[in-house]
Number of protein chains: 2
Amino acid sequence: MQPQGATPVRQAALVHGPMADELGFHLRRAQIAAFRHFAHAISAAEGITPGLYGMLQAIANNPGLSQSALAVAMDVDRSSIVKVVDQLEEKGLIVRDASPTDRRRYRLHMTVTGTQVLDRIEDAVMRQDRAFSARLDEAERATLIDFLKRLYQPDSEPPTLARE
Amino acid sequence: MQPQGATPVRQAALVHGPMADELGFHLRRAQIAAFRHFAHAISAAEGITPGLYGMLQAIANNPGLSQSALAVAMDVDRSSIVKVVDQLEEKGLIVRDASPTDRRRYRLHMTVTGTQVLDRIEDAVMRQDRAFSARLDEAERATLIDFLKRLYQPDSEPPTLARE
DNA sequence: TTAAATAGGTGGACTGGTCAACAATTTGAA
DNA sequence: TTCAAATTGTTGACCAGTCCACCTATTTAA
């Protein structure tokens, strides 16, 4: 799992050329750094990845949602959800609860231990997240989050963007 | 290709809970959005991913660097580099040039067509990147990049690098 | 001179995502 | 009412990207 950065060798920094001005480049690097930070602080101890953690939060905050809804929320294929839900269920954190009104569907929700575990992890994650952004003050952090949201939120946007 | 997010169904947005204040969460989403945007605009047409593009820029801007140095720069395992360099070489974009002073080592550099292709792609990438960040003005964009750098850059500061 | 370190490479494994197909079930249009 | 279409969860094949352990050739340094 651990992406485990490169060798400890101190290397002369490379020239980046035009990428130095590309937002996507910095975004990617920051995300990789964040992932590693999370892996270090959380995954190692709890055996949970950022992705799993996100799923868990989604289920905890939206009890009873279906796997399809979860897939939409996580923006992945329905089939990808199956494995993840399997994992979380094996760990005893969530359960697939048969929907009484639609026999095709499961309602996902947390188990008691799942809730406990999430509470604990959540704490660690919050601390980890703060540590990761330690070089930003509160205002900067908030601004950064706002900017990021604007990048990915579909909202008010080029309306005539023919989607098919 | 179409990662095409969600079904066209308008879904009630999920509650995010404490993740709404987690930087890592927004970072991940923004990065995924950026990747998809790139895939749409560039990969489909040029058959090149953000990762490959980054490698290409690294080589173009640091001609003669070794595969190991590239691995360090890209922060991946040496063995991962092999396949990537294979791909770029197969596409005729770069060459492995045997080092005359160290027979273990290759010096990577662009071919003529590689340079041409990169120039073309670079243009598209710059436009794509601007389009992606269209909801930020110039100042905001610059601020965002600065914040991101602060997140991923190792200890305070680049020593004495006069390049750039 | 020889042990250790380094460069590039191979093969196996794992992760996380895609897509296509499928059965059971629900929905909706005729 | 009925039956075709859509939806839900699932499986299986596949792909890309990464890691690791190990290998050979070569260079470095003790």
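Every chain is numbered from 1, with letters handed out A, B, ... down the list of sequences.
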Would you call A/E22 and B/F38 a side-chain contact if the rule is heavy atoms closer than 4.5 Å? no
Can you check whether B/T49 has a side-chain N or O nearer than 4.0 Å to OP1 or OP2 of D/dA16? no
Which whole-number value in Å describes the distance from A/M74 CE to C/dG16 P? 14 Å
Calculate the interatomic distance between A/F35 atom CZ and C/dT15 atom P; express it in whole Å. 11 Å
Are side-chain N/O atoms of B/S68 and B/S66 paired as donor and acceptor at under 3.5 Å? no
Side chains of B/I121 and B/Y53: closer than 4.5 Å at any heavy-atom pair? yes
Which part of the nucleic acid does A/S79 contact within heavy-atom distance under 4.0 Å: base, sugar-phosphate only, or nothing? base
Distance in angstrom units between A/I48 CD1 and C/dG16 P, rounded: 11 Å
So B/F132 and A/L27, do their side chains get closer than 4.5 Å, heavy atoms only? yes
Just how far, in rounded Å, is C1' of D/dG17 from CD of A/Q31? 14 Å
A/S68 or B/D77: which one's nearest nucleotide on DNA chain D is closer to the 5' end? A/S68
If the cut-off is 4.0 Å, is B/S80 near the phosphate of D/dT18, judged by side-chain N/O to OP1 or OP2? no
Whole-Å gap separating P (C/dC22) and CZ (A/R78): 15 Å
For A/R104, give me all partners under side-chain contact (heavy atoms from CB on, under 4.5 Å), at least two apart in sequence or on another chain. A/D102
Answer with yes or no whether B/K83 presents, from its side chain, a donor or acceptor under 3.5 Å of a partner atom in the base of D/dT18. yes
Between residues 93-105 of chain A and DNA chain D, which residues have a heavy-atom gap below 4.0 Å? A/R96, A/R104, A/R105
Using a 4.5 Å cut-off on heavy atoms from C-beta on, say whether the side chain of B/L148 contacts that of A/R28. no
Distance, rounded to the nearest Å, where A/Q87 contributes CD and D/dT10 contributes P: 14 Å
Kindly indicate whether the side chain of A/Q128, heavy atoms from C-beta on, has any atom under 4.5 Å from the side chain of A/V125. yes
Value in whole Å for how far the P atom of C/dG8 lies from CD1 of B/I81: 10 Å
Whole angstrom is fine here: how far is it from CG in B/L70 over to P in D/dT18? 11 Å
Taking only the side-chain nitrogens and oxygens of A/Q67, find out if one of them lies under 4.0 Å from OP1 or OP2 of D/dT10. yes
